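First the structure, in the form of structure tokens, and then the observations on it.
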Protein chains: 2
Amino acid sequence: MAKAADRAKNPARSSVWLETNKRSRAARGGSGPAGLDRDRIVVTSIRMLDEEGLAKLSMRRLATELNVTAMSLYWYVDTKDDIIEYALDSCYGEVDLAAVLAADGWRERVRVLALEYRRMLVRHPWMSAVAGQYLNVGPHAIAVGGEIHKAIRDSGLPVSRTPSATSAVFQFVYGYGTIEGQFSRVAQQAGMSQDDFYTDSIAAFREEDQFTGTLEEMSEVLDERLSHGSVDEIWDRDFDYALDVLIAGIEVMVERGRAEAAAERGAQG
Amino acid sequence: MAKAADRAKNPARSSVWLETNKRSRAARGGSGPAGLDRDRIVVTSIRMLDEEGLAKLSMRRLATELNVTAMSLYWYVDTKDDIIEYALDSCYGEVDLAAVLAADGWRERVRVLALEYRRMLVRHPWMSAVAGQYLNVGPHAIAVGGEIHKAIRDSGLPVSRTPSATSAVFQFVYGYGTIEGQFSRVAQQAGMSQDDFYTDSIAAFREEDQFTGTLEEMSEVLDERLSHGSVDEIWDRDFDYALDVLIAGIEVMVERGRAEAAAERGAQG
DNA sequence: ACCTGAACACCGTTCAAGT
DNA sequence: ACCTGAACACCGTTCAAGT
């Protein structure tokens with residue numbers, strides 16, 4: 001049941017989290033003679049993905065890491081995609097929702113959620129490339145999505161506008177976490193600190209005469225940045241400021257919405 | 001020269017657009033006996049990527065489409081990654097920068113750029129998964145980046161803040177274009193209209209009792225949406241509103257920046 | 001200068017067979 | 001119930017050889 005071939009026929013419901021595809025056996029619980037179970041598979045996958053990246057994860061290499069043959073894995077999952085979907089949701093579980101609940105007011109809740117989300121993406125740089133390809137409807141992803149929705153809703157925006165505002169905030173966080181994660185991963189691969197990597201990259205671009213036209217414009221910006229701190233500090237500072245922009249924008253739109261609603265009531269009464 | 005193995009050793013400069021890797025021969029110009037050249041390779045790649053997605057593009061299938069063997073491609077590019085990097089930059093070339101220049105004021109320029117960018121991502125749903133993996137320093141990508149920078153700079157924000165604000169706006173657009181493209185691609189694969197696919201998906205989720213907890217919260221939002229138009233209209237409406245939020249936020253921060261600068265001058269003078 | 005055939009070292013997945 | 005060996009139909013890339 002729920003073979004890879006079947007899965008492809010119904011993309012709308014194509015997720016390990018939906019009944020149509022879920023397999024009954026081996027879902028969880030005790031491990032077999034080889035000490036294998038789905039949890040161990042997922043945990044090991046995440047470690048390998050963090051260390052070596054998406055491209056290097058194969059069923060055979062994963063199996064070797066677990067002291068088992070590749071075919072054993074297929075007792076616990078239907079496809080390699082399933083493993084990645086489980087890994088994805090497991091990472092969403094790292095978002096500290098207790099810290100969100102402890103935060104005071106929607107602004108602070110949005111900030112905490114954004115920071116937790118960003119940090120998760122940076123810890124697992126393979127996530128961003130993959131998240132868009134799945135429905136992201138695992139229990140942890142749904143829980144995070146629910147908190148995001150509630151935080152934005154509490155701003156006072158009309159219900160019809162919360163999805164849009166949510167999207168503005170968290171698509172930004174997603175994109176920001178993606179490039180930050182990419183940057184730190186590539187720097188690490190090059191065996192450099194982020195600071196060295198930054199200055200080295202800029203130097204490389206300046207050597208290219210093809211960039212002298214357009215990059216000149218941004219040159220003063222690039223120079224200005226490192227004078228204000230390390231690359232790590234710049235990531236934080238830029239992130240905080242962008243959240244300032246977004247929160248200020250939401251505040252304005254809340255006010256506009258209230259003014260419009262009042263005008264409507266005035267016209268009616 | 002510039003083999004795949006060499007490339008991996010210097011990730012900071014790992015791009016077909018940087019001298020270190022660029023190969024001199026066959027860069028452009030007339031096609032060989034088989035009618036092959038790099039432009040044809042890139043154009044065909046983009047068509048195949050649009051039609052069948054990233055996973056299905058292989059050197060062998062691409063070569064077959066071009067009536068040639070896979071190995072011929074290696075005369076024009078060093079690796080499969082190179083082809084994707086060329087394809088990526090070629091797509092950035094679809095952004096209509098003339099329309100941006102024709103727009104009046106930074107707000108309108110930001111809107112036109114955002115819309116052009118979003119449309120490009122929806123036309124080529126494979127782009128989002130891939131863009132983060134490369135440096136994106138091809139001529140077209142750089143040109144687009146330059147216009148984005150200039151539009152945001154003209155808002156009057158301090159130079160030190162433009163990268164952050166740019167990131168807020170265009171990471172949002174990137175994320176938004178990604179999920180919109182994903183949605184339309186999956187609907188198309190399922191052979192459904194976007195509207196049918198939307199209602200069908202929601203129905204599928206409602207059937208799952210695991211979602212009754214968290215999804216209940218968002219239920220009213222989901223219902224509200226389709227009463228206000230087609231899925232296509234919702235995509236447009238949400239996008240416009242999110243840009244309203246972002247532009248309003250930038251306006252507020254410009255004001256704050258001016259107030260702070262004035263206070264500083266007052267304290268000094 | 002441009003293109004190919006054969007080969008290498010990999011993939012994900014299936015299926016029948018083992019314990 | 002859980003795990004494996006062998007096999008299928010693929011990959012990207014290299015290298016020596018063709019024209």
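Protein chains get the first letters and strands the later ones, always in sequence-line order, with residue 1 at the start of each. Only a predicted model underlies this, so the values are computations on that prediction, with no experimental measurement involved.
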### Query
Counting only side-chain N and O atoms of A:Ser58, is one of them less than 4.0 Å from OP1 or OP2 of C:dC11?
yes

### Rounded interatomic separation in angstrom, taking CG from B:Leu73 and P from C:dA1
19 Å

### Message
Given C:dC3, D:dG12, D:dT4, identify the nucleotide with an atom nearest to the side chain of A:Met71.
### Response
D:dT4

### Task
Can you label the angle between the A:Tyr86 ring and the A:Trp17 ring as parallel, tilted or perpendicular, going by 30° and 60°?
perpendicular

### Task
Ignoring hydrogens and angles, answer whether the base of D:dC11 and the side-chain atoms of B:Arg60 contain a donor-acceptor pair closer than 3.5 Å.
yes

### Message
Does C:dC3 have OP1 or OP2 under 4.0 Å away from a side-chain N or O of B:Thr69?
### Response
no

#### Entry: Between D:dC2 (P) and A:Asn67 (CG): distance, integer Å
19 Å

### Query
Rounded to the Å, how far apart are B:Lys56 NZ and D:dA9 P?
17 Å

### Message
Please report the distance, rounded to the nearest Å, between CG in A:Leu66 and P in D:dC3.
### Response
11 Å

### Message
Do B:Gln194 and B:Asp232 make a side-chain contact, defined as non-hydrogen atoms from C-beta onward lying under 4.5 Å apart?
### Response
yes

### Query
Looking at B:Ser72, does any N or O in its side chain come under 4.0 Å of the phosphate oxygens OP1/OP2 on C:dC2?
no

### Message
Whole angstroms only, please: what is the CG-P distance between A:Leu62 and C:dC10?
### Response
17 Å

### Query
Which nucleotide in the set D:dC3, D:dT13, C:dC2 lies at the smallest distance from any side-chain heavy atom of A:Tyr76?
D:dC3

### Task
Would you kindly give the CE-to-C1' distance between B:Met59 and D:dC11, to the nearest whole Å?
11 Å

## Note on the structure
Using Watson-Crick geometry (N1-N3 plus N6-O4 or O6-N4) or G-U wobble (N1-O2, O6-N3), each under 3.5 Å, C:dC10 is paired with none

### Query
Do any side-chain nitrogens or oxygens of B:Trp75 fall under 4.0 Å of OP1 or OP2 in C:dC3?
no

### Query
How close or far is atom C1' of D:dA1 from atom CG of A:Asp37, stated in whole angstroms?
14 Å

### Task
Identify the nucleotide, in any strand shown, that forms a Watson-Crick or G-U wobble pair with D:dT19, with both distances under 3.5 Å; if there is none, say none.
C:dA1

### Query
Should we count CZ of B:Arg119 as having more than 12 external heavy atoms under 6.0 Å?
no

### Query
Between atom CD1 in B:Ile83 and atom C1' in D:dG12, what is the gap in whole Å?
11 Å

#### Entry: B:Phe239 and B:Phe172 aromatic centres sub-6.0 Å
yes

### Task
Carefully, step by step, assess B:Glu85 and B:Ser15 under the rule side chain to side chain donor-acceptor pair (under 3.5 Å).
CA-CA 8 Å; B:Glu85 216 182 340; B:Ser15 165; 2.6 Å; yes

